[in-house]
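Keep in mind that what you see is a predicted model, and the values were worked out from it rather than measured. Every number for a ligand or one of its atoms is a count from 1 in the order of the listing.
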Amino acid sequence: MGAFPQTIHFIGSNTPRRTELSKRDLEVEGEIPAEVDGAFFRAVPDNAHAPMFEDDIALNADGMIARFNIENGAADFDIRYVETERYLAEKKARRALFGRYRNPFTDDPSVEGVDRTVSNTTPVWHGGRLFMTKEDGRGYEVNPHTLETAGKWDYYGALKSETFTAHPRIDPGTGEMFFFGYEAGGLCSLDVAYGIADKDGNLTSEQWFKQPYCSTIHDFVITEKYAVFPIFPTLADLDRLKAGGAHWAHHQDLPSWVGIMPRYGKVEEMIWIEGPVGVSVFHEVNAYDDGNLVHIDMCLTETNAFSFMREAGGIHKPQQEIQGALTRWTIDMSKARPTIQERPLGPPGDLPRLADADQGRPYSHAWYLSMNPQGGPPMPGGPVGANFNALLRIEVGNGRVELMGVPPGAAISEPAHVPSSEPGHEGWLLTVVDIPNNPNPAQQVPGDYSSELWIVNAGEIARGPVARIKTGLALRSQVHGTWVSRAKLEASKLKG
Ligand code: V55
Ligand code: FE
């Protein structure tokens with residue numbers, strides 16, 4: 001086993017743990033609400049082997065799927081590697097064979113042609129199946145009961161796209177999943193596939209279009225009428241890849257664009273609207289129709305939020321100086337040539353969470369992560385290379401913000417939302433908080449912390465957690481998570 005680089009991608013909450021385990025009946029402080037009954041799945045990048053290159057990044061790490069199973073007020077924890085083709089090839093060789101993030105030209109020749117996706121970004125539940133996704137390849141199906149990898153998912157052979165987003169959107173009314181894949185026709189291709197799967201998980205539509213430049217389309221949004229593709233000038237370049245360089249470089253001088261088409265329409269109906277120059281978004285919160293207006297709410301930054309995507313574009317700006325805001329773009333679709341109107345909605349932050357029932361609909365509030373101005377800095381780590389230390393609840397109509405902080409030096413990860421059956425109750429948020437074992441910030445050692453799952457009343461986050469589930473473990477930083485109810489688990493297509 002080689003050594004891991006001592007960079008932000010491998011220290012603090014990014015310390016490689018490389019441990020598959022199961023632990024039952026975790027210690028619970030407080031009381032788990034009875035209606036929190038199901039499983040919280042999390043995608044955790046965690047290298048099985050030390051990387052080939054010193055400048056490797058957390059986004060390049062093997063995907064693990066973690067599960068908090070919660071029933072009858074008790075909680076169990078499990079974590080397993082997703083057995084991708086890449087993971088299995090490296091397991092056999094007992095070392096890393098795949099090189100830089102999304103650059104096959106840096107791989108060991110022995111793995112030429114082997115699928116290099118790592119399934120490390122989002123667990124997606126749809127049509128009675130669980131998938132682990134990463135945007136550079138197709139999803140892998142995982143058995144939700146055993147966490148065993150079932151295999152790559154291609155809709156019974158129907159899917160043509162080589163890639164599948166980590167951010168599909170599910171319509172709460174129809175149960176359909178709207179998704180896309182970019183670089184759908186191969187490395188650095190302009191092809192984007194736009195697909196729909198019905199509520200039972202059958203592919204009903206797949207159409208391809210070309211984006212204006214080869215950008216990283218991390219997320220998109222739907223409304224009741226439209227499919228909306230906001231894209232930003234962080235671009236791939238085949239020559240740079242062939243020279244062994246970075247997949248992505250941000251271009252501060254190029255415009256953003258919004259592609260918008262009727263969601264059941266033809267891709268030929270897509271119109272492209274030019275947006276502000278140099279900005280970047282990884283996650284949209286939501287979008288909805290308001291008469292002829294379409295509102296698109298996003299976690300926007302003035303430049304790319306990932307330091308390595310800035311650096312590759314020659315942009316040198318410290319992480320703390322990056323400005324941003326929760327931002328609304330409004331488009332009037334009744335205009336012959338629609339434009340983008342921009343206004344801020346709330347403080348900067350990312351990793352937004354919306355109630356599933358609000359997807360693509362007018363909505364009153366959402367949650368996301370941010371920095372607590374009263375808290376000290378969180379421990380180093382996180383998939384971007386910077387952690388958050390606050391959870392926000394925002395009322396999008398009036399900008400009212402409520403905050404939940406965490407202990408000094410702690411880091412908080414993206415919450416999952418559990419709806420409540422009680423009318424007027426906003427439900428519950430489940431979020432993993434990594435808490436330094438030493439409460440004194442001056443004595444904290446990166447990587448020495450304990451991970452807890454906090455359950456928070458979603459309408460009263462400032463009150464803090466109603467239950468703290470203690471893993472007794474230091475878990476590596478997650479990317480995204482997904483809540484799956486007991487009823488859905490019991491109806492899953494794969495059995496335990
Ligand atoms: C993101 C995460 C990724 C990735 C590209 O959150 C973008 C943004 C965990 O992997 O490959
Ligand atoms: Fe994401």
Side-chain angles (χ1 to χ4, degrees), residues 8-10 13-14 41-47 51 56-66 82 84 86-87 98-104 115-124 131-140 162-169 179-183 187 214-221 229-232 234-236 241 246-250 280-286 298-301 303-310 312 319 322 324 349-354 368-369 381-388 413-416 476-482:
I8 188 73
H9 297 280
F10 301 97
S13 64
N14 282 337
F41 293 100
R42 310 169 69 222
V44 180
D46 195 343
N47 315 60
D56 198 49
I57 58 177
L59 305 188
N60 197 30
D62 300 292
M64 298 192 82
I65 177 144
V82 183
T84 60
R86 167 168 165 166
Y87 171 83
F98 294 81
R100 291 206 159 85
Y101 174 70
R102 298 184 66 175
N103 188 341
D115 186 7
R116 64 196 310 290
T117 195
V118 280
S119 292
N120 70 3
T121 311
T122 312
V124 171
F131 307 104
M132 280 287 277
T133 58
K134 183 172 186 80
E135 65 197 48
D136 68 348
R138 289 175 173 172
Y140 272 81
E162 292 180 21
T163 63
F164 188 96
T165 177
H167 290 285
R169 300 269 174 177
F179 67 89
F180 65 95
Y182 70 91
E183 299 190 34
L187 199 63
C214 187
S215 76
T216 166
I217 315 184
H218 186 66
D219 193 0
F220 87 134
V221 259
F229 297 85
I231 66 171
F232 303 91
T234 302
L235 309 183
L241 289 178
H247 196 106
W248 298 121
H250 192 66
S280 175
V281 167
F282 281 90
H283 301 112
E284 284 87 34
V285 181
N286 198 10
M298 317 176 286
C299 302
L300 185 131
T301 46
T303 180
N304 194 297
F306 285 83
S307 62
F308 52 89
M309 299 187 195
R310 292 195 299 277
Q319 200 69 28
I322 308 274
D350 208 333
L351 300 172
R353 178 61 63 176
L354 180 74
Y368 62 108
L369 303 184
V384 182
N387 275 310
F388 291 106
S413 48
E414 181 188 78
R476 190 164 169 173
S477 286
Q478 83 175 55
V479 186
H480 299 292
T482 298

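- Each of the following atoms of ligand 1 lies closer than 4.0 Å to a heavy atom of V479: 9 (C).
- Atoms of ligand 1 found under 4.0 Å from any heavy atom of E135, numbered from 1 in the order shown, are 5 (C).
- Residue W248 does not touch ligand 1, judged by heavy-atom distances below 4.0 Å.
- A donor-acceptor pair is defined here as one N or O able to donate and one able to accept, closer than 3.5 Å; no such pair exists between the side chain of R310 and the backbone of H250.
- Applying side chain to side chain contact (heavy atoms under 4.5 Å, CB included) to T216 and the options F306, F232, Y182 leaves one that passes, Y182.
- Among all protein heavy atoms, the one lying closest to atom 10 (O) of ligand 1 is K134 NZ, 2.9 Å.
- Distance alone, capped at 3.5 Å, places no donor-acceptor pair between the E162 side chain and the E183 backbone.
- Some N or O of T121 is nearer than 3.5 Å to an N or O of ligand 1, by distance alone.
- Taking each heavy atom of R116 and P104 in turn, the nearest pair found is NE-CA, 3.5 Å.
- Rounded to 10°, the angle formed at the Fe ion (ligand 2) by NE2 of H283 and NE2 of H167 is 100°.
- Using cut-offs of 30° and 60° on the angle between ring planes, the pair H167 and H218 is perpendicular.
- At distances below 3.5 Å, not a single donor-acceptor pair connects side-chain atoms of D136 with backbone N or O atoms of T117.
- Side chain of S477 to backbone of G382: a donor-acceptor contact under 3.5 angstrom is found.
- With a heavy-atom cut-off of 4.0 Å, H218 touches ligand 1 through its side chain alone.
- Looking only at protein heavy atoms, the nearest one to atom 5 (C) of ligand 1 is Y101 OH, 3.2 Å.
- If you put the vertex on the Fe ion (ligand 2), NE2 of H218 and NE2 of H480 sit 160° apart, to the nearest 10°.
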